[in-house]
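Numbers here simply count residues along the sequence, with the first being 1.
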Amino acid sequence: MCGLCGFTGNIINRDDIIKTMTDKITHRGPDSSGFFTNRDISMGFRRLSIIDVASSGDQPIYNENKTLVLTFNGEIYNYRDLRNELIAKGHRFYTNTDSEVLIHGFEEWHEDLLTKLRGMFAFAIFDTIEKSLFLARDYFGIKPMHYTMVGDHFVYGSEIKSILNFPGFQKKFNKRALDNYISFEYSVPPETFFEGVYCLMPAHYLWYKDGKVETCRYWEPKFNADERMTEEQAVNEIEKVFENSVNAHKISDVEVGCFLSSGVDSSYVSTYFAGQKTFTVGFDYGEQYNEIDWAKGLSEKVGVDHHYKVISPEEYWGNIRKVQYHMDQPLADASCIALYFVSKMASEYVKVVLSGEGADELFGGYNIYHEPDDFAAYKKLPLGLRRALASVAKAFPFSFKGKNFLIRGALPIEESFIGNCSMFTMEEKRRLLKKDVPVTRPQEITKKYYDRVRGKDDVTKMQYLDINVWLVGDILLKADRMSMANSLELRVPFLDKEVFKVASRLPRKLRVNKKNTKYAMRQAAMRHLPDTTAQKKKLGFPVPIRVWLREEKYYKIVKEAFTGKIARQFFNTDVLVKLLDEHYAGKRDNNRKIWTVFVFLVWYDIYFNNASHEPGDMPIVH
């Protein structure tokens with residue numbers, strides 16, 4: 001696992017500039033660095049040695065006549081098969097790395113190389129003859145890539161912080177990203193919080209040549225259910241392909257460990273780690289926020305060497321700044337800080353871990369995916385009647401049981417579901433944001449994805465949207481940044497194209513039904529896990545934010561931020577304080593909305609006020 005960056009064109013002090021940009025991502029690869037520069041391009045690289053750990057695996061990597069130059073972040077799990085195929089075609093290799101397979105594969109197949117790969121990747125290849133630059137990102141967006149134009153220079157990097165250090169880059173805050181963030185809790189790609197800086201989207205490649213940028217999608221996660229598939233067939237196929245994927249993801253020249261929670265996803269992965277190390281964190285606020293005992297019990301059953309840590313409130317709050325610095329962009333998912341701590345602990349023992357991300361999106365695991373079934377009977381009522389009931393419900397100034405049901409039940413899925421997380425409503429955004437911040441409907445973003453799955457059932461539509469937006473904007477962003485902040489490689493065996501081939505064929509009833517979510521996958525897991533673990537309800541990664549915000553100590557910290565200079569710049573602070581006071585008094589549970597704004601303020605203070613991102617007692621924001 002590594003980090004890369006670069007820029008095109010000749011520039012004064014280019015060697016110093018590329019070194020500075022590369023140094024900003026040393027945490028992604030502390031083992032070594034590498035550079036390539038000529039009049040047309042400067043490329044930087046940081047390496048975390050996993051495969052072919054000897055110096056022969058250092059990058060950049062070249063083809064035989066050194067006309068192509070590669071820097072690569074990720075792992076290619078089928079590289080040995082591709083290597084043999086390329087050798088048979090006459091290519092000569094000088095390393096044993098998966099990286100070199102990419103350079104020769106690109107020579108042989110050009111863009112068609114991408115659909116032959118099994119793995120996670122983001123890489124750059126420069127053609128010294130054509131003077132063209134090729135960037136590519138893996139199928140699901142496990143590994144990151146960002147880019148921008150600065151004058152005549154194309155600038156790219158694994159993390160935005162490299163790009164910010166390119167001379168001449170004008171750092172401008174993107175208010176459109178704040179609008180989207182307030183709806184989704186993350187900046188919706190391809191836009192970022194920095195004006196003019198973009199994410200290369202998952203399953204896309206990019207060509208830069210003669211001053212022009214062109215992007216193209218090379219793969220799409222399409223669901224085509226095979227209604228003839230029986231439960232037994234589904235379970236057999238899932239078990240077989242998942243075992244194959246885990247074994248492929250364990251390929252390494254260094255020790256591999258595994259994250260372990262109380263849920264079925266990581267627990268299923270851990271069953272292939274007998275005798276190896278697993279890692280869990282939790283909070284000392286009862287079983288709701290602490291999965292350690294569950295994980296310890298499972299560890300004894302599957303025979304793994306289990307390590308765990310209880311995170312104190314002081315540790316959590318004291319590292320908010322550091323975490324938001326490493327995130328590059330604000331992310332209101334409170335679990336990302338817990339993920340930082342479990343990554344930090346694991347990095348003390350291993351260089352690589354496997355984790356359970358992606359199972360919910362592929363197999364239908366989120367609790368909200370039950371909603372189409374919950375609304376099925378109600379939606380048999382005439383649409384006009386449902387809309388009338390929804391209007392009456394909205395007119396009540398207070399909440400009551402069933403209010404949300406009546407409102408959401410009158411809407412098609414394209415209107416009611418914007419992804420696994422939905423934060424502030426349009427009415428709330430208009431009250432909250434200052435007039436110079438744009439306020440747009442989140443459905444303007446989700447429409448293009450729903451258009452791709454017209455005619456599919458509602459659960460499939462929800463899964464498709466989450467794979468394309470939520471997974472890349474939240475789940476994989478925090479997984480990459482928090483593991484890399486600790487120089488740890490995180491691999492996700494559920495997000496494998498062979499696993500997806502099976503998941504995409506599952507009938508809807510074998511994904512979500514009245515019995516459970518992730519139904520068929522849980523049945524496969526039951527062959528390896530206790531029933532209580534395999535059937536356990538989806539929890540997520542619970543963090544006691546709601547508890548802390550009702551303690552005076554943390555209430556005061558947030559209130560100071562909510563009434564400070566940064567808050568006044570973007571928000572109507574009286575609305576913020578009301579949200580906080582209602583929560584503190586126990587009148588409403590506003591913890592997620594409060595946290596969304598607070599995290600943004602901390603992040604903005606670091607990236608636009610140049611505040612320290614070092615760990616401290618409390619993240620004070622003025």
Do NZ/NE/NH1/NH2 and the carboxylate oxygens of Glu237 and Lys240 come within less than 4.0 Å? no

Check the surroundings of atom CZ in Arg408: do more than 12 heavy atoms from other residues, nucleotides or ligands lie under 6.0 Å from it? yes

Could you list the residues that satisfy ring pair (Phe, Tyr, Trp, His ring centres under 6.0 Å) with Phe194, not counting sequence neighbours? Trp603, Tyr607, Phe608

Beyond-backbone contact of Trp470 with Glu185, side-chain heavy atoms, under 4.5 angstrom: yes

Hey, does Leu477 have a side-chain heavy atom less than 4.5 Å from the side chain of Pro144? no

Closer than 3.5 angstrom, by distance alone: can the side chain of Asp179 be matched with the main-chain N or O of Thr440 as a donor-acceptor pair? yes

Could you walk me through whether Met423 and Lys429 pass the side chain to side chain contact (heavy atoms under 4.5 Å, CB included) test, one step at a time? CA-CA 10 Å; Met423 203 53 62; Lys429 287 207 300 183; over 6 Å; no

Just to verify, what does Lys175 make a salt bridge (charged side-chain N to carboxylate O under 4.0 Å, His left out) with, not counting sequence neighbours? Asp436

Exam field: side chain Arg550 to backbone His583, donor-acceptor pair closer than 3.5 Å: yes

State which residues pass ring pair (Phe, Tyr, Trp, His ring centres under 6.0 Å) with Tyr268; sequence neighbours excluded, sorted by chain then number. Phe242, His528

Using a 4.5 Å cut-off on heavy atoms from C-beta on, say whether the side chain of Ser343 contacts that of Phe259. yes

If you apply the rule side chain to side chain contact (heavy atoms under 4.5 Å, CB included), what do you find for Lys518 with Asp360, and how did you get there? CA-CA 7 Å; Lys518 271 183 308 204; Asp360 294 310; 2.7 Å; yes

Paired with Val264, the side-chain contact (heavy atoms from CB on, under 4.5 Å) test is passed by just one of Asn516, Leu529, Thr517, namely Leu529

Looking at Glu232, I'd like to know if its CD atom is crowded, meaning that more than 12 non-hydrogen atoms belonging to other residues, nucleotides or ligands lie closer than 6.0 Å. no

Could you tell me how the ring of Phe494 sits relative to the ring of Phe363: parallel (under 30°), tilted (30 to 60°) or perpendicular (over 60°)? perpendicular

Salt bridge (charged side-chain N to carboxylate O under 4.0 Å, His left out) involving Asp451 - partner list, sequence neighbours excluded: Lys447, Arg454

When you measure from the side chain of Arg176 to the backbone of Asn180, do you find a donor-acceptor pair of N or O atoms at a distance under 3.5 Å? no

I'd like to check the side chain to side chain donor-acceptor pair (under 3.5 Å) partners of Ser483; sequence neighbours left out, ordered by chain and number. none

Is there side-chain contact between Phe571 and Leu433, with at least one heavy-atom pair below 4.5 Å? yes

Does anything in residues 570-579 form a side chain to side chain donor-acceptor pair (under 3.5 Å)? List the pairs, not counting sequence neighbours. none

Can you name the salt bridge (charged side-chain N to carboxylate O under 4.0 Å, His left out) partners of Asp333, sequence neighbours left out? Lys478

When you check the side-chain N and O atoms of Tyr555 and Asp581, is any donor under 3.5 Å from an acceptor? yes

Could you tell me whether a side-chain N or O of Arg491 sits under 3.5 Å from a main-chain N or O of His249, the two making a donor and an acceptor? yes

Heavy-atom distance under 4.5 Å between the side chains of Arg481 and Leu331, does that happen here? no

Side-chain donor/acceptor of Asp373 to backbone N/O of Lys514, under 3.5 Å: no

What's the spacing between Phe570 CZ and Leu576 CG if we round to 0.5 Å? 12.5 Å

Worked verdict on Asp474 versus Phe184 for side chain to side chain contact (heavy atoms under 4.5 Å, CB included): CA-CA 9 Å; Asp474 184 305; Phe184 292 90; over 6 Å; no

Non-hydrogen side-chain atoms of Val269 and Asp265 separated by less than 4.5 Å: no

Table please: side-chain donor-acceptor pairs of residues 376-387 below 3.5 Å, with sequence neighbours left out.
from	atom 1	to	atom 2	distance (Å)
Lys379	NZ	Leu411	O	3.0
Arg386	NE	Leu381	O	3.1
Arg386	NH1	Gly409	O	2.8

Is there a ring-ring contact (aromatic ring centres under 6.0 Å, His included) between Phe140 and Trp219? Walk through the geometry before answering. CA-CA 9 Å; Phe140 297 100; Trp219 182 84; 5.4 Å; yes

Smallest heavy-atom separation, Gly196 atom then Thr148 atom, equals O-OG1, 2.6 Å

Is there a donor-acceptor pair closer than 3.5 Å between any side-chain N or O of Glu361 and the backbone N or O of Gln463? no

I need the full list of side chain to side chain donor-acceptor pair (under 3.5 Å) pairs touching residues 584-594, with sequence neighbours left out, sorted by first then second residue. Glu428-Lys593, Arg546-Asp589, Glu582-Asn590, Asp589-Asn591

Glu231 with Lys509: basic N within carboxylate O range, under 4.0 Å: no

Distance (rounded to the nearest 0.5 Å) between Ile368 CD1 and Asp466 CG: 8.5 Å

Using side-chain heavy atoms (C-beta onward) and a distance below 4.5 Å, is Ile320 in contact with Phe598? yes

Measuring from Cys421:SG to Ile475:CD1, what's the distance to the nearest 0.5 Å? 10.0 Å

Residues passing the salt bridge (charged side-chain N to carboxylate O under 4.0 Å, His left out) test with Arg228, sequence neighbours excluded, are Asp226

Hey, what do you get for OG (Ser270) to CG (Leu298), rounding to the nearest 0.5 Å? 4.5 Å

Carboxylate-amine/guanidinium contact Glu552 Lys556, below 4.0 Å: yes

Student check: side-chain heavy atoms of Leu549 and Ile545 closer than 4.5 Å: yes

Tell me if the aromatic rings of Tyr554 and Tyr316 count as close, with their centers under 6.0 Å from one another. no

Which residues satisfy the ring pair (Phe, Tyr, Trp, His ring centres under 6.0 Å) test with Phe223, sequence neighbours excluded? Phe500

Indicate yes or no for a side-chain donor-acceptor contact from Thr280 to the backbone of Leu260 under 3.5 Å, with no hydrogens or angles considered. yes

Would the distance check show the side chain of Glu227 and the main-chain N or O of Pro507 forming a donor-acceptor pair, the cut-off being under 3.5 Å? no

Go through the steps for Leu506 and Ile238 under the test side chain to side chain contact (heavy atoms under 4.5 Å, CB included), then give the verdict. CA-CA 10 Å; Leu506 293 178; Ile238 292 169; 4.1 Å; yes

Do Gln443 side-chain atoms and Glu415 backbone N/O form a donor-acceptor pair below 3.5 Å? yes

Is there a donor-acceptor pair under 3.5 Å between the side chain of Lys497 and the backbone N or O of Thr115? yes

Can you tell me how far CG of Asp605 sits from CD of Gln324, rounded to the nearest 0.5 angstrom? 12.0 Å

Residues in ring pair (Phe, Tyr, Trp, His ring centres under 6.0 Å) with Tyr181, at least two apart? Phe193

Going by distance alone, is a donor N or O of one side chain under 3.5 Å from an acceptor N or O of the other, for Asn174 and Glu191? yes

